[in-house]
Number of protein chains: 2
Amino acid sequence: MPTGFAQAELIAVLVAVTTGQPRVMTIERGGGLPSGNLESSHHSLQAGLRSWVEDQTHHPVGYLEQLYTFADRGRGMDAGIGARRISISYLGLVQEQSVAGADQSEWHGWYEYFPWEDHREGRPDMLGQITRHLHDWAEGGGASRAERLRRASFAFDLDGRGWNEDLVLQRYELMYEARLVDEAGSLQGPGFGRPMMADHRRILATGIARLRAKIKYQPVMFELVPDSFTLLQLQQTAEALSGLRLHKPNFRRQIDQHALIEETGEIAQETRGRPAKLFRYRRAVLEARALAGSRLPLSRD
Amino acid sequence: MPTGFAQAELIAVLVAVTTGQPRVMTIERGGGLPSGNLESSHHSLQAGLRSWVEDQTHHPVGYLEQLYTFADRGRGMDAGIGARRISISYLGLVQEQSVAGADQSEWHGWYEYFPWEDHREGRPDMLGQITRHLHDWAEGGGASRAERLRRASFAFDLDGRGWNEDLVLQRYELMYEARLVDEAGSLQGPGFGRPMMADHRRILATGIARLRAKIKYQPVMFELVPDSFTLLQLQQTAEALSGLRLHKPNFRRQIDQHALIEETGEIAQETRGRPAKLFRYRRAVLEARALAGSRLPLSRD
DNA sequence: CCGAATATACTCATTCAGAGTATAAAGGAG
DNA sequence: CTCCTTTATACTCTGAATGAGTATATTCGG
């Protein structure tokens with residue numbers, strides 16, 4: 001086989017948020033992410049992936065973006081033939097209403113896999129243990145001890161400068177290096193969080209990190225909620241994704257300052273408390289929004 | 001050949017800024033981007049690309065990130081065998097001082113390829129022509145006429161809401177659809193800007209767009225300037241990348257508000273005007289900076 | 001009719017971004 | 001030597017956005 005040939009595979013991180021929990025589509029009862037070989041019938045990667053996912057899951061995928069491409073020497077293959085496996089991963093968002101009918105299928109809460117990432121009810125207790133293990137790992141690092149400490153301290157907020165919810169991948173990779181997750185061959189006893197096959201949990205971490213970064217400067221939450229929603233639903237979606245609790249008045253202000261939504265005129269039919277107005281997303285602003293966010297200090301001439 | 005096999009190729013967008021011009025490393029006197037087949041000797045994509053680029057160009061690459069993975073049916077190949085070409089593109093940044101010795105090699109100013117993207121001396125005149133052509137194209141769009149107008153108006157700022165320098169790719173793709181660039185088979189006479197082989201100009205557009213977006217929230221300019229630099233150099237680098245003129249006092253304020261740099265104690269040896277202090281980048285803040293930028297309205301409990 | 005629960009509306013202080021002005025230090029022209 | 005051009009650096013003023021907290025509406029279940 002000539003050089004430059006490889007086996008190509010598509011992997012999807014499909015995300016939905018239901019009842020305040022972020023969920024990801026899996027196969028084999030949570031053991032892996034949906035994936036498949038790149039077929040020659042697919043005209044473009046994006047289009048191919050979309051039709052493939054929709055065939056398999058029967059959910060329309062509102063939003064789809066490429067995540068990352070990995071290449072590892074194919075472990076299950078004959079060595080020496082120069083072939084390797086290329087995995088092209090995608091992040092897809094599915095609206096809650098589409099998931100609703102789909103019984104207790106293969107949607108798993110993503111904090112099963114990353115329990116240390118959910119800070120909505122405060123800093124998880126297990127971070128104490130993780131921190132101790134990371135310290136041990138750093139101490140055994142010889143020359144790289146200082147560097148290990150610096151990385152761990154930064155990613156896990158060991159010096160109290162504030163938890164950065166975006167560092168999902170950095171945290172997972174540190175835990176992998178320190179052998180605190182089963183995929184790395186855990187040191188003693190079971191590792192933290194539920195493992196996945198091959199490097200699927202790492203890909204999931206990449207997807208979560210991307211999504212957490214994205215909600216700050218692009219209105220992607222709207223791809224996850226139903227067409228009409230209350231402000232509380234919207235906030236809870238943002239909280240589910242970021243794993244943080246948000247300040248209600250300021251969240252609302254930010255939303256309507258940017259004129260992201262409009263009232264539908266209807267009222268939510270839930271029981272407790274004062275009924276909430278229903279809103280819909282103003283698709284028109286998707287572009288206007290892209291205009292903002294310029295942090296460069298422009299000159300007027 | 002079994003399904004799922006493909007030819008894999010690496011493509012690099014290598015960027016440097018010299019004498020106020022953003023440049024990109026090319027092959028064949030500007031006709032294409034450096035590329036090569038994925039070799040089985042490469043252990044990871046990132047590492048493989050880095051060593052490959054440094055072998056070919058003899059420039060150390062300070063910063064390297066994956067851009068995008070394309071898959072197109074290989075046009076030059078036998079059809080029907082199920083193989084296709086996968087192109088994995090990377091963005092790399094090179095410091096000016098490394099380029100200096102490298103004579104008049106294969107570095108080409110990127111505004112040769114995208115002359116309509118340079119707004120440092122005001123809105124380029126050719127945008128008038130481009131706009132007229134785009135209007136014609138939209139008029140001939142039948143049912144999609146309104147949609148075409150909306151896209152063109154947004155990307156090229158036809159209604160004066162302000163030029164968005166990030167939309168490099170959108171603009172190139174519109175011009176491709178309207179056949180205003182030679183790669184699409186230009187309508188009449190030569191297309192706008194200098195063409196490149198295959199889809200290399202599109203990949204370059206992707207790289208420029210990524211870099212323009214990135215300088216707003218990550219201090220990547222420092223990967224492009226020498227180890228010690230003046231504030232004017234730094235600003236001119238930012239201007240070269242964004243294609244915009246920036247407001248000097250505010251640019252300076254932003255830089256030292258974030259404590260990104262420190263004085264070296266030395267003074268630049270240039271002739272005209274008051275001599276400028278030299279600064280160096282404080283690598284320590286790379287992490288602290290990542291902490292900022294949280295636009296989510298957090299709650300305190 | 002009261003209180004728990006939720007929704008919605010303001011307030012106040014601080015920081016930050018946009019825009020412009022003022023002063024300092026060099027070299028060159030006369 | 002003095003003035004003028006050029007670049008560097010330091011402030012000012014204003015308005016917008018953000019962080020944090022408080023106050024007022026509605027509903028329902030007792």
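Chain letters run A, B, ... following the sequence lines, proteins first, then strands; residues in each count from 1.
Ion pairing of A/Arg23 with A/Glu96 is absent here, as no side-chain N (NZ or NE/NH1/NH2) approaches a carboxylate O to less than 4.0 Å. Between B/Lys277 and B/Glu263 there is a salt bridge, since at least one side-chain N of the basic residue sits less than 4.0 Å from a carboxylate O of the acidic one.
Atom-to-atom, NZ of B/Lys248 to P of C/dT23 comes out at 17 Å; the value is rounded to the nearest Å. Rounded to an integer number of Å, the gap from B/Leu298 CG to D/dA17 C1' is 15 Å. For the pair A/Gln233 CD and C/dT6 P, the computed distance is 14 Å after rounding to whole Å. What separates CZ of B/Phe251 from P of C/dG18 is a distance of 13 Å, to the nearest Å. Rounded to whole Å, atom P of D/dA20 lies 16 Å from atom CZ of A/Arg245. Counting to the nearest Å, the C1' atom of C/dG20 and the CG atom of B/Leu246 are 16 Å from each other. The CG-P distance, from B/Leu296 to D/dA20, rounds to 13 Å in whole Å. Computed from coordinates, the A/Asn250 CG to C/dT15 P distance equals 16 Å when rounded to whole Å.
Close to C/dG27, at under 4.0 Å from its OP1 or OP2, lies no side-chain N or O of B/Arg272. Taking 4.0 angstrom as the limit, A/Gln257 places a side-chain polar atom (N or O) nearer than this to OP1 or OP2 of D/dT18.
You'll find the ring centres of B/Phe222 and B/Phe229 inside the 6.0 Å limit.
Within the 4.0 angstrom heavy-atom criterion, only backbone atoms of the sugar-phosphate kind lie near A/Lys277; the bases stay farther away. Here A/Pro297 lies in heavy-atom contact (under 4.0 Å) with sugar-phosphate atoms only.
A residue-by-residue look at B/Arg252 and A/Gln254 shows that B/Arg252 has its nearest nucleotide of DNA chain D further toward the 5' end. A residue-by-residue look at A/Gly273 and A/Phe279 shows that A/Gly273 has its nearest nucleotide of DNA chain C further toward the 5' end.
Closest to the side chain of B/Arg253, from the set D/dT7, D/dT12, C/dA5, is D/dT12. Ranking C/dT8, D/dG21, C/dT21 by closeness to the A/Pro249 side chain, first place goes to D/dG21. With D/dG21, C/dA24, C/dA26 as the candidates, the nucleotide lying closest to the side chain of B/Arg274 is C/dA24. Closest to the B/His247 side chain, of the nucleotides D/dA20, C/dA9, C/dG20, is C/dG20. Closest to the side chain of A/Leu232, out of C/dT21, C/dT8, C/dT6, is C/dT6. Side chain of A/Pro275, nearest nucleotide from D/dT26, C/dT8, D/dT7: D/dT26. Of the listed nucleotides (C/dT8, C/dA17, D/dT9), C/dT8 has the atom at the smallest distance from the side chain of A/Ala276.
Between the side chains of A/Glu65 and A/Tyr63, a donor-acceptor pair is found at a separation under 3.5 Å.
The salt bridge (Lys or Arg N to Asp or Glu O under 4.0 Å) check on A/Arg252 picks up nothing, with sequence neighbours excluded.
Using a 30° and 60° split on the angle between ring planes, A/Trp116 and A/Phe192 fall in the perpendicular class, above 60°.
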